[in-house]
*Asks:* 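Can you read through this structure? Questions will come right after.
Because the structure is predicted, anything quoted here is derived from the model rather than measured. Just so you know, these numbers use all the heavy atoms, side chains as well, and skip hydrogens, waters and symmetry mates. Note on naming: letters A, B, ... go to the chains in the order of the sequence lines (proteins, then strands), and numbering restarts at 1 for each one.
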Amino acid sequence: MIINHPLLGPRDSEEFVYLGAADLINRPNNWEQDASAEDFYQYQYIRENIAGDHRELWYHEQGDQSWLVVTRNTLSHEIINVELAQDVSRGIGRGK
Amino acid sequence: MSDYELVVESALNGAEHEFEGVTVSEVVGKSLVMVALPRPKFKEIESSMTKSCGLVLPEMEHSTQSNDSSITLWRLQKNQVLAYFSYEGNDAEVNIANRLNAPAYYTDQSDTWAMIRVSGPRSRDVLERICPIDISKNVFSVGNVSRTIMEHIGTIIYRDDDDSYVLLTMRSFGVSMLHAIEVSAKNVL
């Protein structure tokens, strides 16, 4: 598989490490409240098993060490979109 | 103060091998220092480097050179550059910090890398068998630098001349990388 890195261009997937669903970006902010237990349970364990377009985190370990959000079709392995996780995180109003 | 001094030994003992159209040799006499760039200071760092030795921050996977060509900066990550320069002393970190005179963070990495030069008219033929990125003449130009994986070994590749490439691997993988290049050369040539 070739991942089209937003800064570096096309790179072999061998250079990357796969982490999992991009939901991990949305870490609950309410850890001081009672409701946080349920939110963290959802955040940590509950995943959709998507047959189709799936947004996931990849780490460019053997490259520029950036985190990417890759949209990949789990049926065909076609890679539809690649974004810097930093930009995605900022786009939804989260920290750095 | 101790009464002895540690003497640096090169990672590959000055290895040099000749093949038809390709020379594989260890790069000696070079130092490598990581220069970490705090994000709010990019502009300040760049203007300091420009003032001290004519350097600008390179674009990703590109390099820039100082006015006297003695210092090369490689940009392999957004928030850091690697300074590759001619120096053999034990205090490369202090040396480059003084020469760049920029408010960045410096870490000497000289002895943690094995540096191998693959040069000659058939160097690309040898490297394309083990390098997953496109290093064809017009795509990977002189001055381009990239971090990738070759034979399962994390490697930095830098094109320093028309037919010359410098490969860097972690020091402990130096012998394995040298072997991989030699096997490729024997297969291709």
Side-chain angles (χ1 to χ4, degrees), chain A residues 1-27 29 54-74 76-96, chain B residues 34-42 57-63 73-82 105 107 109 113 127-136 138-141 143-159 167-170 172-173 176-177 180:
Chain A
M1 269 192 316
I2 300 291
I3 294 178
N4 205 4
H5 193 295
L7 300 175
L8 312 178
R11 306 298 283 252
D12 194 300
S13 63
E14 194 191 6
E15 294 180 6
F16 295 81
V17 175
Y18 173 81
L19 181 70
D23 301 351
L24 285 166
I25 291 177
N26 293 313
R27 188 171 186 272
N29 293 322
H54 185 225
R55 296 180 86 221
E56 49 203 25
L57 285 165
W58 290 71
Y59 178 55
H60 197 194
E61 187 175 33
Q62 300 292 349
D64 72 339
Q65 263 120 77
S66 58
W67 282 97
L68 303 179
V69 173
V70 175
T71 308
R72 178 180 62 97
N73 187 302
T74 55
S76 64
H77 293 303
E78 182 192 0
I79 290 177
I80 296 132
N81 193 28
V82 184
E83 306 156 90
L84 287 174
Q86 193 179 51
D87 294 344
V88 172
S89 179
R90 283 181 185 154
I92 56 173
R94 295 187 68 91
K96 297 170 184 176
Chain B
M34 188 189 79
V35 184
L37 316 167
R39 203 189 301 147
K41 291 190 176 176
F42 275 20
L57 288 177
E59 295 294 312
M60 285 292 285
E61 303 218 310
H62 286 75
S63 60
L73 295 184
W74 298 337
R75 187 78 170 270
L76 293 163
Q77 288 185 40
K78 274 175 92 176
N79 57 354
Q80 72 172 49
V81 288
L82 285 168
Y105 299 101
T107 311
Q109 299 193 352
W113 295 88
L127 288 175
E128 69 185 11
R129 292 289 180 100
I130 56 172
C131 180
I133 61 165
D134 188 353
I135 54 165
S136 52
N138 301 325
V139 176
F140 196 76
S141 310
N144 276 167
V145 61
S146 197
R147 185 169 183 170
T148 183
I149 193 164
M150 298 188 201
E151 298 286 304
H152 309 285
I153 303 169
T155 309
I156 294 171
I157 178 168
Y158 168 57
R159 185 175 176 195
L167 270 57
L168 277 78
T169 66
M170 297 311 287
S172 52
F173 287 98
S176 304
M177 179 49 73

*Asks:* Not counting sequence neighbours, which residues clear ring pair (Phe, Tyr, Trp, His ring centres under 6.0 Å) with B/Y105? List them please.
*Replies:* none
*Asks:* For chain A, which residues from residues 148-155 of chain B lie under 4.5 Å away (heavy-atom distances)?
*Replies:* B/T148, B/I149, B/H152, B/G154
*Asks:* When rounded to the nearest 0.5 angstrom, what is the spacing between NZ in B/K78 and CG in A/L84?
*Replies:* 5.5 Å
*Asks:* As an exercise: rank A/G9, A/P10, A/S66, A/G63 by heavy-atom pairs under 4.5 Å with chain B and give me the winner.
*Replies:* A/G63
*Asks:* Rounded to the nearest 0.5 Å, how far does OG of B/S146 lie from CZ of A/R11?
*Replies:* 3.5 Å
*Asks:* How far apart are the C-alpha atoms of A/Q65 and B/R147, what are their side-chain angles, what is the distance that settles it, and do they pass the side chain to side chain contact (heavy atoms under 4.5 Å, CB included) test?
*Replies:* CA-CA 10 Å; A/Q65 263 120 77; B/R147 185 169 183 170; 3.6 Å; yes
*Asks:* So which atom in B/L76 and which in A/D64 form the shortest heavy-atom distance, rounded to 0.1 Å?
*Replies:* O-CB, 3.1 Å
*Asks:* Can you name the side chain to side chain contact (heavy atoms under 4.5 Å, CB included) partners of B/N79, sequence neighbours left out?
*Replies:* B/Q77
*Asks:* Show which side-chain atoms of residues 128-135 of chain B pair as donor or acceptor with protein atoms under 3.5 Å away, not counting sequence neighbours.
*Replies:*
{"unit_1": "B/D134", "atom_1": "OD1", "unit_2": "B/S136", "atom_2": "N", "d": "3.0"}
{"unit_1": "B/D134", "atom_1": "OD1", "unit_2": "B/S136", "atom_2": "OG", "d": "2.7"}

